[in-house]
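Computation of the quantities below employed the complete heavy-atom set of this structure, encompassing side-chain atoms and omitting hydrogens, waters and symmetry-equivalent molecules. Counting convention: from 1, in listed order, for ligands and their atoms alike.
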Amino acid sequence: MPINFNAKENRHTYVGRDAQQEWYDLIQKLVEPRNKEIADIGCGGGIYSLAWIKMGVKKITCIDFSQQMLADVAENTHGLSNVMIKQGDALCTGLPDSSQDIVFERALIHHITQENRTTCFAEAQRLLRSGGMYIILKPNVGRTMLKSLMD
Ligand SMILES: C[S@@+](CC[C@H](N)C(=O)[O-])C[C@H]1O[C@@H](n2cnc3c(N)ncnc32)[C@H](O)[C@@H]1O
């Protein structure tokens, strides 16, 4: 049965732990995060948003369609001035064109139906600046799908 991300009982499901060292190692190989603007789409409670901040990003925009997850991310990132939190759908985030250096989606793709995936990818491409990078991770970081949209 699919998880209801808006359910109160799922509060704090995606908080309270740090990203794995394997994740930090992978990101370091892929990209230089310092001074980058990042959209973390399907951010959940913000575990990876916080990890990006630790890596020195300039600004992170946390997007999720669940109010419950956004309440968690607000709690988790309280007091951080370079975090923006916005309710939005991965298919239509409402963020401006060409506004991000990196679009990051971890453990989101399996929640997007096959028929909606092209729209999801097109939305990420719309958000990226020239030379930006689209990173899609399945929950198991070892099975990385990466779409690089380098010009
Ligand atoms: C498995 S959780 C992953 C959370 C976080 N990325 C992580 O890795 O810890 C999936 C998240 O994607 C969100 N989500 C699912 N479908 C979405 C959609 N179409 N648009 C925005 N968020 C979505 C859910 O609300 C949930 O917070």
Side-chain angles (χ1 to χ4, degrees), residues 1-31 33 36-78 80 82-97 99-128 132-149:
M1 200 170 81
I3 179 167
N4 176 2
F5 292 108
N6 271 309
K8 274 239 177 320
E9 58 269 26
N10 289 323
R11 189 160 186 239
H12 294 157
T13 305
Y14 297 102
V15 293
R17 54 184 190 272
D18 193 0
Q20 318 87 317
Q21 187 56 48
E22 193 187 9
W23 182 88
Y24 286 101
D25 295 344
L26 174 70
I27 295 300
Q28 244 152 15
K29 275 191 212 143
L30 290 177
V31 69
K36 296 287 193 314
E37 291 190 49
I38 302 192
D40 181 1
I41 301 180
C43 61
I47 293 170
Y48 294 87
S49 311
L50 278 174
W52 280 110
I53 286 169
K54 282 190 195 163
M55 295 186 89
V57 303
K58 180 171 158 193
K59 180 179 167 193
I60 188 139
T61 303
C62 305
I63 303 263
D64 206 288
F65 67 5
S66 157
Q67 282 289 7
Q68 186 58 68
M69 294 296 147
L70 293 177
D72 285 351
V73 80
E75 196 177 309
N76 214 14
T77 61
H78 182 71
L80 297 173
N82 54 350
V83 178
M84 197 184 111
I85 297 171
K86 184 178 183 313
Q87 187 171 24
D89 195 296
L91 310 183
C92 179
T93 59
L95 295 178
D97 291 357
S99 57
Q100 307 297 319
D101 300 303
I102 297 170
V103 171
F104 176 71
E105 295 172 353
R106 182 187 179 277
L108 171 74
I109 193 70
H110 56 290
H111 297 292
I112 306 291
T113 61
Q114 202 68 43
E115 63 185 9
N116 281 336
R117 287 191 183 169
T118 306
T119 308
C120 179
F121 299 155
E123 175 63 358
Q125 186 160 19
R126 184 186 71 74
L127 298 181
L128 284 170
M133 185 177 276
Y134 184 19
I135 301 174
I136 301 172
L137 291 180
K138 288 188 168 184
N140 177 346
V141 80
R143 290 179 293 148
T144 305
M145 288 204 297
L146 170 71
K147 266 187 103 171
S148 172
L149 299 174

CD1 of I38 to CG of L127, rounded to nearest 0.5 Å, is 13.0 Å

NE2/H78: more than 12 non-hydrogen atoms of other groups inside 6.0 Å:
no

Just going by heavy-atom distances, which of A107, S49, C120 is nearest to atom 10 (C) of ligand 1?
A107

Closest contact, heavy atoms only, L70 versus C43
CD2-SG, 4.3 Å

So for C43 against ligand 1, with non-hydrogen atoms under 4.0 Å, the contacting part is backbone

Enumerated ligand 1 atoms positioned under 4.0 Å from heavy atoms of L108
12 (O), 14 (N), 15 (C), 16 (N), 17 (C), 23 (C)

D89 N/O to ligand 1 N/O under 3.5 Å:
yes

Any heavy atom of P139 sitting closer than 4.0 Å to ligand 1?
no

Donor-acceptor contact below 3.5 Å, side chain R106 vs main chain P139
yes

I'd like to check whether I63 has a polar contact with ligand 1, where a contact means an N/O of the residue lying under 3.5 Å from an N/O of the ligand.
no

Taking T93's backbone N and O only, do any of them form a donor-acceptor pair with E123's side chain (distance below 3.5 Å, no angle check)?
yes

Any N or O of G42 closer than 3.5 Å to N or O of ligand 1
yes

Taking the inter-plane angle between the rings of Y134 and F121 on a 0 to 90° scale, is it parallel (under 30°), tilted (30 to 60°) or perpendicular (over 60°)?
perpendicular

Quick check on contacts: which atoms of ligand 1 are under 4.0 angstrom from a heavy atom of I112?
19 (N)

In ligand 1, the atoms that come under 4.0 Å of a heavy atom of G44 are 4 (C), 27 (O)

Mark yes when over 12 heavy atoms from residues, nucleotides or ligands other than K86 sit less than 6.0 Å from its NZ; otherwise mark no.
yes

Which atoms of ligand 1 are found less than 4.0 Å from any heavy atom of H111?
1 (C), 10 (C), 15 (C), 16 (N)

Numbering the atoms of ligand 1 from 1, which are under 4.0 Å from a heavy atom of Y48?
7 (C), 8 (O), 9 (O)

Least distance between heavy atoms, D97 atom then R126 atom:
OD1-NH1, 2.5 Å

Would you say ligand 1 has an N or O under 3.5 Å from any N or O of S66?
no

